[in-house]
J.: 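Below is the structure I would like to discuss, written out as structure tokens.
Just so it is clear, the values below take in all heavy atoms, side chains as well, and ignore hydrogens, waters and symmetry mates. A note on names: the letters A, B, ... follow the listed sequences, proteins ahead of strands, and every chain is numbered from 1.
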There are 2 protein chains.
Amino acid sequence: MNNERNSPKEKQRATIDDVARASGVSNATVSRVLSGYEFVKETTRARVLETVERLGYVANLQARSLAGGRSQIIGLLVPNLDNGYVGTIMQGIDRELARANYDVLLYTSHRHPSKESFYVDAIANGLTEGLLLIAPLVPSTYLDALRGQNFPYVLIDQTDATENSSVVDATNYQGAYEATRYLSQLGHARIAFVTGSLAVRSAIDRLHGYKAALVDCDIPVREELIVEGDYQQETGYEVAKSLLQRVNPLPTAIFASNDLSAFGAMDAARECGLRIPDDISIIGFDDIPQASFVYPKLTTVRQPLEQMGQVAVKMLLEQIEDQSRPPQRVALATQLVIRDSCGSHHLRGNEHEKN
Amino acid sequence: MNNERNSPKEKQRATIDDVARASGVSNATVSRVLSGYEFVKETTRARVLETVERLGYVANLQARSLAGGRSQIIGLLVPNLDNGYVGTIMQGIDRELARANYDVLLYTSHRHPSKESFYVDAIANGLTEGLLLIAPLVPSTYLDALRGQNFPYVLIDQTDATENSSVVDATNYQGAYEATRYLSQLGHARIAFVTGSLAVRSAIDRLHGYKAALVDCDIPVREELIVEGDYQQETGYEVAKSLLQRVNPLPTAIFASNDLSAFGAMDAARECGLRIPDDISIIGFDDIPQASFVYPKLTTVRQPLEQMGQVAVKMLLEQIEDQSRPPQRVALATQLVIRDSCGSHHLRGNEHEKN
DNA sequence: CTGGTTTTTGAAAGCGCTTACAATTTGATG
DNA sequence: CATCAAATTGTAAGCGCTTTCAAAAACCAG
């Protein structure tokens, strides 16, 4: 039974036919065994599996998916990778995907800044079965295209108020509301706010939450205390700095729309000689890993980032399974995480909370 | 010419045959046009391209790579994603890959903690043309397997002292040497050192560089000033804290093996009531994005992370092009980046450098 | 045993593309 | 205009797998 006619150089990888031959069945049977088809005799199944093991056979993905099977790959479009935000979401995505035995084809949204639609086309046309978009800055024409092809996708922390898309995000409005009320309860009345990029939905929601809470707490909304950032640390630093130099009297608290901005604000405050939280309280949003490692530890509104990733994957897989499933929107609850960066405004000095 | 027999539900995607038919040539010709084959008549090429455009045709990757073409995909194995380190390298990888029109299949190394070899098998067998491994913790059996298959791969910031592998890293020894000497020149003689995981090559090299510099500066190497970390911020915090509580007299400087550890050390120092850099200097390694945004801005040894990613990609692509190309090792130069976290030990007080 | 079911398998037709190899055109030369 | 080489295009054989469809085996009641 000598089927070895490999080239001398490199040993050929075993194909399904090799396995079939070696276990004395047809390739169809091997295929059935491998895809968990029900009606295969137990002994045959065992024999095939043994051969697979022995030959170290691994199915060729391209062939499999070409032939109509699944590629077991989903696409993931991310805006960047240099801070923990996206990474944390990806952690959740990865975990859930591993469970379902899927792999990830990674796309960075800045790659083809010009011909974006072509890009998405390529994604949807490639071997991915579905697409996950994290905080996409993509124009909605993108999504229209995907929807047009009935291609499964889920938005995570989405930008657009796109209808008809499945999306997972957090309760941005409520989170911001609570954070603001928390500051108010600590006695703060001059609460500055650093927004995110206002092109982005979450940023707007957080801003609304902030304002609503002020109103409910009988604190006037003062526009000069609201400055526009873009979720970047550096920008957070800059706008906070200029805010602190410009406004008089100083705010006693700064609410930054995300942790990165909050870090920037912390630096700005310190550079202005303000102690945190003694002279000024700072609160963030997201609770990225670094939040608990800056000094002082940042009080922030936690977004369940990992969980968001997981939920998104589940939704996507369901959609892949049943393409007719209507779009779903899920907003996961945020949670105020009290650490050390906020102090009471009544008890100024050093009696701020620690935990 | 009615070839439309699509199911009513979803519009079928155009295939190469559709394009061929629509432009009155054979699919072989279309294929030639698309793969840039030389001997195609200009007018034909134009006609085909026009049709491609019109039909919005995008080649099916699976089919293409099955048929022996390239998949234009490489695998990327990363240890984690929640700090900027890996992300920054990926930025470089992505940029270079985009240039060559490749995509990335992302693998996280923690996914199949048990059957790792199977995992790598699957990678090498899948549709990737090559593999990039960032700071892999993989046992060398992994690599043996890859090498056995003559599968192209490049290690970035590698763990093992594996021979016969292409690897890209930075001049860890020299970087650590310089940083230490810098501290010495500032007048420090009690310089503590927080290592990385000593299972990792870079950590060992940095430790060696530190020690060598001490020797060259006539400073005795004192083991009690060397504590073992693992490149994590939290661990950096813990070991630095216990160091500061244990050692007397206190070190006047801490050299942490990476920025994350340095951030941890900064927190620990502050909690011990030490001012940075007035009471204690802290220096890191890596220069991840956050380094310039912590307070005070971290003086550190810059690793050209993006560039490392780019170089690795170039090497990998070369290897894919010419599989017989022998492994290459490249160490990119590190560079001391002086910011605000180190002060002179002679001029204590507030005359530390700023830039 | 026999006829009818139910299980289990195999044969063969693609999936969409690349790539020899062969056929056809075109062009240049004598 | 015939001839030969070069340029251009078409034909057809897979790549490795899934999946009908139908045949072969196995099983059961009568």
J.: Which is true for V25(A) with a 4.0 Å heavy-atom rule: it touches a base, it touches only sugar-phosphate, or it touches nothing?
T.: sugar-phosphate

J.: A67(B) has a side chain; which of dG10(D), dC15(D), dG16(D) sits nearest to it?
T.: dC15(D)

J.: What distance separates F39(A) CZ from T44(A) OG1, expressed to the nearest 0.5 Å?
T.: 14.5 Å

J.: Salt bridge or not between R47(A) and E42(A)? Use side-chain N to carboxylate O under 4.0 Å.
T.: no

J.: Given S166(B), which partner from the list R325(B), Q319(B), E318(B), Q328(B) fulfils the side-chain hydrogen bond (donor to acceptor under 3.5 Å, both in side chains) test?
T.: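 The option that passes is Q319(B).
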
J.: How many Å lie between CZ on R32(A) and C1' on dT8(C), as a whole number?
T.: 8 Å

J.: How many whole angstroms separate atom CD of E38(B) from atom C1' of dT9(D)?
T.: 16 Å

J.: Taking S31(A) for the side chain and N27(A) for the main chain, is one N or O donor matched with an acceptor at less than 3.5 Å?
T.: no

J.: dT11(D) P sits how many Å from N27(B) CG, rounded?
T.: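 After rounding, the reported distance stands at 9 Å.
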
J.: To the nearest 0.5 Å, what is the distance between CD on Q91(A) and CD on E96(A)?
T.: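 The CD atom of E96(A) is 13.5 Å from CD of Q91(A), to the nearest 0.5 Å.
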
J.: Are any of S26(B)'s side-chain N or O atoms less than 4.0 Å away from OP1 or OP2 of dG10(D)?
T.: yes

J.: Between T29(B) and S35(A), just flag the one whose closest nucleotide in DNA chain D comes earlier from the 5' side.
T.: T29(B)

J.: What is the distance, to the nearest angstrom, from the OH atom on Y37(B) to the C1' atom on dT8(D)?
T.: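 Rounded to the whole Å, the gap is 9 Å.
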
J.: Of the listed nucleotides (dT19(C), dG10(D), dC17(D)), which one gets closest to any side-chain atom of S31(B)?
T.: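 Nucleotide nearest to S31(B)'s side chain: dT19(C).
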
J.: What is the distance from CZ of F39(B) to P of dT19(C), rounded to the nearest Å?
T.: 16 Å

J.: From CZ of R21(B) over to P of dT9(D), roughly how many Å is that when rounded to an integer?
T.: 19 Å

J.: Minimum heavy-atom separation for Q72(A) to N101(A), with atom names?
T.: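 The pair with the smallest heavy-atom distance is NE2-O, 2.9 Å.
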
J.: Under 4.0 Å, heavy atom to any atom of DNA chain D: which of residues 41-49 of chain A qualify?
T.: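 Nucleic-acid contacts, sorted: none.
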
J.: On a heavy-atom basis, which atom in M308(A) and which in D157(A) lie closest, and how many Å separate them?
T.: CE-CB, 4.2 Å

J.: When you measure from the side-chain N and O atoms of R64(B) to the phosphate of dG16(C), is any distance below 4.0 Å, counting only OP1 and OP2?
T.: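 So the side chain of R64(B) is outside the cut-off, no N or O lying under 4.0 Å from OP1 or OP2 of dG16(C).
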
J.: Let me know the distance between CG of L66(B) and C1' of dC15(D), rounded to the nearest Å.
T.: 5 Å

J.: To the nearest Å, how far apart are N60(A) CG and dC17(D) C1'?
T.: 8 Å

